[in-house]
Amino acid sequence: MSGHPPGMLRFYLSCLLAFTGGHMVNYTVILYLQEKVGSDWLSGVGFGLSFGSSLVFGWFAGVLCDRIAPARVIHGAQALFVLCLAGLWWTDAASTGQSRVIWTLFSAFLGGLAWSFVGPARLTTLGQIAPADKLKPATIVFNLQVLLGFGLAPVVIGVVRSHAGWPAVFATGMALFVASSLLLLGTRTHGSDRPSLGVVRELREGFSAVGANPLLAQLIVAAIVAYAMTGPMQILLPKLAREVLGLSELQRGGYLGLMALALISGGVAALLLGKHLHHGAAIFVGTVTASLLFASLSHWNAAAASTTALGGMGLLGGMVISFVIAGIQGQAPDALRGRIMGIYSIISQVVPAASGVAAGALVRSTGVTSAIAMAGLGLAGIALLSALAMPQLRRMRT
């Protein structure tokens, strides 16, 4: 990170705290509804509210990040996260029965609303504060904070909850967001000085910019393909660990935790090897190989072999996503960065949820091993076809 402005380190730390807190919100909503309400179906609804809201509000979020200073949008989104956790805290202390369900789901909606805005706002802020020649590696470092937050969130919840219960979990999450916002004080960003043209027209400008830049459009498609794998992983891997590998609860936790560690390692590898790898080839080869490794999990009955394949899949997945987001950031025009990154943020949240629903339907009709094989081979085939259909991305070097 040498050569970056002094404020970049504070921005990265702010990102780490915020994404740890954000993923704590997601895990908390799911676990709380499963344990306090006793409903897997409602926990699924809570997960949908936490991420599905982006499909509705993420478009306006991108427009807003181009209209006003994106750092202000970050503060507003993180205030919504604090309200979400405060709502869960109040619900835990003062509500029962049906009212507990209603208030928990309402709090989940506030968290989903916050997620809709925080991704585009942070990526737009990064585009404004990072030097142009450092933007791609800075984006990979940013994505590393996302992955670290994803991996740390369940660990923080487990440690805090085991010592002090749910109220302490809520308080810890709120403290993370407050500290994150304090670290951003003094970060200078700017909005557009042109008159507003209306949300629909400004959105159309964003889509037109994507359509006019073949490489940017192909990077967007690559993001969809890459994120399509994460839904089946979240749905199918826990069943695989329990029903096929026969792992104990502690072993299942280690098996699933390996995925977060491997994703983080992939982000680190992208940062270290980014100057030496052909990014376009790495994206396609990495996606196809990761998909085939996922499919291979249907054939391994030994935990050691399955764990090795899972680690390789996560490593490649973390690298691919890092190169894709860095490429999108590098291709986004400054005046439209919020809208472009809004499209990416919607993909990163909605595609995993949609592919997870599809994986759930598949496993109910075919069984876990068949579902894993079909999903992995299907995604590998899509990635191969994408490579043939996207020449600009194939030629992208860095």
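- Distance check, rounded to the nearest 0.5 Å: CG of L240 to OH of Y255 gives 4.5 Å.
- Under a cut-off of 6.0 angstrom, the local environment of CZ in R242 is crowded, with over 12 non-hydrogen atoms contributed by other residues, nucleotides or ligands.
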Point to revise | Check against side-chain contact (heavy atoms from CB on, under 4.5 Å), L237 and L297 | key: CA-CA 9 Å; L237 288 181; L297 294 175; 3.7 Å; yes
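- Cluster membership check: L315 does not share its hydrophobic cluster with M229, using side-chain heavy-atom separations under 4.5 Å among Ile, Leu, Val, Met, Phe, Trp and Tyr.
- The minimum heavy-atom distance between A223 and I328, with the atom names listed, is CB-CD1, 4.4 Å.
- Between L393 and F284, some side-chain heavy-atom pair lies under the 4.5 Å cut-off.
- Side chain of R394 to main chain of A387: a donor-acceptor pair is present (N/O by atom type, distance under 3.5 Å, no hydrogens or angles).
- Shown are L85, L17, T20, L80; of these, the side-chain contact (heavy atoms from CB on, under 4.5 Å) with F177 is made only by L85.
- Looking at heavy atoms from C-beta onward, I321 lies out of side-chain contact with L263 at the 4.5 angstrom threshold.
- L384 contributes atom CG, which lies 11.0 Å from atom CG of L379 (distance to the nearest 0.5 angstrom).
- For the pair Q128/R188, no side-chain contact is recorded, criterion being any heavy-atom separation below 4.5 Å from C-beta on.
- The backbone N or O of L183 sits less than 3.5 Å from a side-chain atom of R10, completing a donor-acceptor pair.
- Distance check: F11 CZ to L16 CG gives 12.0 Å after rounding to the nearest 0.5 Å.
- Counting heavy atoms from C-beta on, the side chains of L245 and Q251 never come closer than 4.5 Å.
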Practice item. Walk me through it: do F81 and L176 pass the test side-chain contact (heavy atoms from CB on, under 4.5 Å)? Key: CA-CA 10 Å; F81 273 126; L176 288 173; over 6 Å; no
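- Between E205 atom CD and S208 atom OG the span is 7.5 Å, to the nearest 0.5 Å.
- There is no path of hydrophobic side-chain contacts, each under 4.5 Å, that joins L385 to I220.
- The two residues V25 and C84 make their nearest non-hydrogen contact at CG1-SG, 3.7 Å.
- A 4.5 Å side-chain heavy-atom check between T91 and F106 finds every atom pair outside the cut-off.
- Judged purely by distance below 3.5 Å, without hydrogens or angles, the side chains of S355 and Y227 never pair a donor atom with an acceptor atom.
- With rounding to the nearest 0.5 angstrom, the CG atom of L310 is 9.0 Å from the CZ atom of F294.
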Review point. After noting the C-alpha distance and the side-chain angles of R100 and Y32, does the key distance pass the side-chain contact (heavy atoms from CB on, under 4.5 Å) rule?
Key: CA-CA 10 Å; R100 169 171 285 179; Y32 191 81; 3.5 Å; yes
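- Of the possible polar contacts, none joining the S345 side chain to the G342 backbone as a donor-acceptor pair under 3.5 Å is found.
- A donor-acceptor contact under 3.5 angstrom links the side chains of S296 and W300, judged on distance only.
- Taking the six-membered ring where tryptophan is involved, the planes of F19 and F142 are perpendicular, since the angle between them exceeds 60° and thus also 30°.
- The side-chain heavy atoms of L126 and M341, taken from C-beta on, include no pair separated by under 4.5 Å.
- In the hydrophobic clustering of ILVMFWY residues, with side-chain heavy atoms under 4.5 Å counting as a link, V141 and L13 come out together.
- In this structure, S14 and R122 have side chains that are in contact, with non-hydrogen atoms separated by less than 4.5 Å.
- Proximity of a side-chain donor or acceptor of Q349 to a complementary backbone N or O of W115 within less than 3.5 Å is detected.
- Between T187 and A71, the shortest heavy-atom contact is O-CB, 4.2 Å.
- S54 places no side-chain N or O within 3.5 Å of a backbone atom of S116 that could act as its donor or acceptor partner.
- One N or O on the side chain of Q329 and one on the backbone of L123 form a donor-acceptor pair closer than 3.5 Å.
- Under the 4.5 Å side-chain contact rule for hydrophobic residues, L247 and V244 share a cluster.
- Note that CZ of F323 and CG of L271 are 9.5 Å apart. Values are rounded to the nearest 0.5 Å.
- With hydrogens and angles disregarded, a donor-acceptor distance shorter than 3.5 Å links the side chain of Q218 to the backbone of Q392.
- Heavy atoms only, all atoms of each residue included: T287 and V320 are closest at OG1-CG1, 3.5 Å.
- Residues L144 and I140 are not in side-chain contact: their nearest non-hydrogen atoms beyond the backbone lie 4.5 Å or more apart.
- Nearest heavy atoms, R337 versus A332: NH2-O, 3.4 Å.
- Both L83 and I74 belong to a single network of hydrophobic side chains, linked directly or stepwise wherever heavy atoms of I, L, V, M, F, W or Y lie under 4.5 Å apart.
- A cation-pi geometry, defined here as NZ or CZ lying under 6.0 Å from the six-membered ring centre and within 45° of its normal, does not hold between R67 and F60.
- Using modelled atom types, one side-chain atom of H279 and one backbone atom of G274 make a donor-acceptor pair closer than 3.5 Å.
- The two residues V199 and V63 have their closest heavy-atom pair at O-CG2, 4.2 Å.
- Panel note: side chain D66, backbone R339; a donor-acceptor pair is recorded below 3.5 Å.
- Judged purely by atom type and a 3.5 angstrom limit, S181 has no side-chain atom pairing as donor or acceptor with the backbone of V178.
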